[in-house]
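Every number for a ligand or one of its atoms is a count from 1 in the order of the listing. Residue numbers start at 1 and run along the sequence shown. These numbers were taken from a predicted model, which means no experiment stands behind them.
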Amino acid sequence: MFPSCIPRLRPSAVLVLLALTGLSSCADGGNWKTLKPQANAARELVSLDGIWNFALPTSIDLEEDKAWTKNIPPSLQIPVPASYNDIFADQNIRDTSKRRNILRFDAVTHEARVFINDRDVAGHIGGYTPFEVDVTDIVAPGEQFRLTVAVNNILTSQTIPPGNVEVDETGKRRQLYNHDFFNYAGIARSVSFYSVGEVYVDDITVTTEVKDQGKGATINFSATTNKDPKSSRPRVTLFDEEGNEVASASTLQGSLELSSVHLWQPGVAYLYRLRVELLSAKGKDTLLDSYEVSVGVRSVEVRGNEFLINGSPVYLTGFGKHEDSPVRGKGYDPAYMIHDFQLMKWIGANSFRTSHYPYAEEVMDYADRHGIVVIDEVPAVGLNIGLSAGTSTDEPTLTFSEKTINNQTREVHAQTIRELIHRDKNHASVVLWSLTNEPASNEEGARAYFEPLVELARELDPTRPMTFANVMYATPEADRIMDLFDVMCLNRYYGWYVNTGDLASAEIGLEQELNEWQDKYGKPIIMSEYGADTLAGTHTVIAVPWSEEYQTQLLQMSHRVFDRIESVVGEHVWNFAGFQTASKSIYRVDGNKKGVFTRDRKPKAAAHALRTRWLEEGVRKGQGNVTAAA
Ligand code: BDP
């Protein structure tokens with residue numbers, strides 16, 4: 001049923017996807033301070049997912065083409081959500097008149113311009129966080145309109161992630177980048193229309209404090225409204241999982257005290273629901289708006305070299321992941337999402353890192369619901385000009401300079417931090433923010449670049465610790481930024497990129513380095529990446545690189561070392577599954593094959609070995625392991 005107050009999209013919705021096209025004007029006007037749309041007594045929600053018409057631009061200049069002023073023919077069509085790359089064989093009603101209609105994009109990778117009919121209505125930079133545009137004054141309820149979205153997939157030194165475009169001998173533009181996953185682009189996540197009344201809740205922040213050794217808790221909340229708060233009366237209610245009201249307040253900011261509480265525990269999630277309602281300022285309790293957030297009561301703390309959740313040390317088991325699947329690319333896929341979580345449960349993983357960008361909001365909701373611990377990462381990957389597919393070039397590099405990663409890049413990076421923390425701040429599953437993956441933290445300029453970003457993140461969220469994933473070249477002596485962070489996430493490839501095929505030497509090297517980190521900083525270490533490319537089905541008696549035996553033995557060697565280093569509080573194998581990478585790398589054969597599952601989620605021998613360690617043997621006895629996902 002189509003709600004009466006929302007404008008109608010023409011069946012032949014149009015979409016222009018601009019491959020390798022520069023958007024001349026800055027994409028702004030898209031409001032990124034957006035709450036995930038909800039349908040309830042006060043809000044309507046209509047999904048715009050489906051089949052969209054698709055076209056590549058005829059000109060590199062978007063203004064010249066003005067494709068949004070025409071109807072794009074249905075000769076090429078794409079599914080939304082999905083990355084467009086692998087699709088082709090070539091390459092909500094009461095007072096209708098006073099409601100606000102908002103168009104929301106969960107993610108357009110990497111940059112979007114949104115047109116309604118002939119009008120440019122919004123833009124957004126950043127491929128993995130949502131934005132919205134209020135279209136109330138642009139299209140009338142019931143009116144048909146043409147929606148065009150221009151998508152820009154270009155990466156430069158001033159985008160996050162960065163990249164650069166080269167023009168080859170034939171005059172063809174070619175996108176280069178330093179990160180090891182395919183530059184999928186498009187309308188990767190859902191598109192929706194939602195409607196709110198004239199006065200609505202536009203943000204909610206919830207933080208929790210665990211008290212009396214876990215018996216009680218304080219829930220702090222702060223909600224804001226789009227209008228003068230005096231134009232409505234707030235009613236805040238906390239419900240338990242059975243739907244019983246357990247606390248309430250009548251202010252937009254305040255605290256709720258619970259004398260007995262069900263904690264959110266890794267593996268044993270418990271979610272309260274905090275409902276914020278806006279009632280008419282005078283007279284009857286007319287409902288103007290309503291919005292609910294899930295609340296998991298838990299604490300996170302770093303003490304010495306321990307990582308504590310609810311005051312108990314935890315040991316993380318799991319993976320660095322990717323949002324990647326055949327055909328859909330980085331498009332949100334609920335079937336793959338839930339299957340991945342089921343495989344993580346099967347193998348005994350209690351956690352994962354959103355390497356190397358924020359994942360779909362549905363993923364975060366699922367992790368909250370099922371007690372899976374998340375290290376949440378911004379898309380700042382590849383801030384390392386000398387690194388390519390885990391290997392270093394021999395050329396001297398200068399990653400941080402006026403001509404490369406500069407102040408402008410840092411401002412874009414800062415915005416990714418603002419948008420991620422704004423989007424994910426209320427997720428109990430998120431216990432650590434990761435501000436970058438494998439930057440050139442050994443190079444000059446790294447400290448000046450990162451110090452203000454860490455400060456910003458701490459201002460935005462004083463409740464969670466900060467980390468970044470350190471690259472192997474930035475050793476304890478060479479790295480210049482580790483002291484700025486709380487947890488040391490280390491990506492190490494002993495036995496793969498170094499000591500290839502020689503696990504005995506790899507074991508010595510890995511232990512030596514981990515001891516150096518431990519002695520220098522005394523902070524918790526999470527092994528955020530370790531692993532080996534493996535061609536499923538390749539078996540050898542003597543374990544050699546690329547065989548299933550070698551992957552298993554490399555992981556076992558790494559685990560022996562981790563078990564000897566007190567500060568190691570977590571192990572995330574690289575990677576959960578195989579994933580697509582840039583076509584230009586000769587280190588990759590149809591993608592990165594370090595997954596312990598293949599790209600189509602079939603287990604390699606290493607998956608069974610991990611299951612034995614994580615579920616049957618139990619890692620690091622006495623260390624307060626978190627149980628595997630429920
Ligand atoms: C690290 C990166 C990761 C790569 C991995 C690899 O953080 O994105 O995919 O190495 O080389 O450099 O497999």
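- Each of the atoms 9 (O) of ligand 1 lies under 4.0 Å from some heavy atom of Phe579.
- Remark: ligand 1 and Asn437 share an N or O pair separated by less than 3.5 Å (distance only, no angle test).
- A heavy-atom separation below 4.0 Å is not found between Trp496 and ligand 1.
- With a 4.5 Å cut-off on side-chain heavy atoms, Val431 and Val374 do not count as touching.
- Residues forming a salt bridge (Lys or Arg N to Asp or Glu O under 4.0 Å) with Glu507 (at least two apart in sequence, or on another chain): Arg560, Arg564.
- The residue Val381 has no part lying near ligand 1, judged by heavy-atom distances below 4.0 Å.
- Taking the side chain as every heavy atom from C-beta outward, Arg353 and Phe319 never approach each other to under 4.5 Å.
- Residue-level proximity to ligand 1 for His179 is absent, since no heavy atom of it falls below 4.0 angstrom.
- Here Trp574 has side-chain heavy atoms under 4.0 Å from ligand 1, and that is the only part of it that gets that close.
- At a threshold of 4.5 Å between non-hydrogen side-chain atoms, the residues His124 and Thr129 count as touching.
- Every atom of ligand 1 with a heavy atom of Tyr497 under 4.0 Å away is listed here by number and element: 6 (C), 11 (O), 13 (O).
- Relative orientation of the Tyr128 and His110 rings is perpendicular, given thresholds of 30° and 60° on the angle between their planes.
- Of all the atoms in ligand 1, the ones that sit under 4.0 Å from a non-hydrogen atom of Asn491 are 7 (O).
- The ring-ring contact (aromatic ring centres under 6.0 Å, His included) test with His608 is passed by exactly one of Trp614, Phe597, Trp346: Trp346.
- Relative to the ring axis of Tyr493, Lys594 places its NZ or CZ within 45° and under 6.0 Å from the centre.
- Close approach of ligand 1 to His356 is summarised as follows: ligand atoms under 4.0 Å from at least one heavy atom of the residue are 3 (C), 7 (O), 8 (O).
- If you look at Asn592 next to ligand 1, the close heavy atoms, those under 4.0 Å, all belong to the side chain.
- Put simply, part of Arg588 is less than 4.0 Å from ligand 1, judged by heavy atoms.
- Taking the ring axis of Phe576 as reference, the NZ or CZ atom of Lys321 stays within 45° of it and closer than 6.0 Å to the ring centre.
- Ligand 1 lies less than 4.0 angstrom from a heavy atom belonging to Tyr493.
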* For ring-ring contact (aromatic ring centres under 6.0 Å, His included), just list the numbers for Tyr530 and Phe562, CA-CA rounded to whole Å, side-chain angles, deciding distance to a tenth of an Å, and then say yes or no. => CA-CA 11 Å; Tyr530 61 106; Phe562 302 165; 4.9 Å; yes

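- Proximity to Glu438 (heavy-atom distance under 4.0 Å) selects the following atoms of ligand 1: 1 (C), 2 (C), 7 (O), 12 (O).
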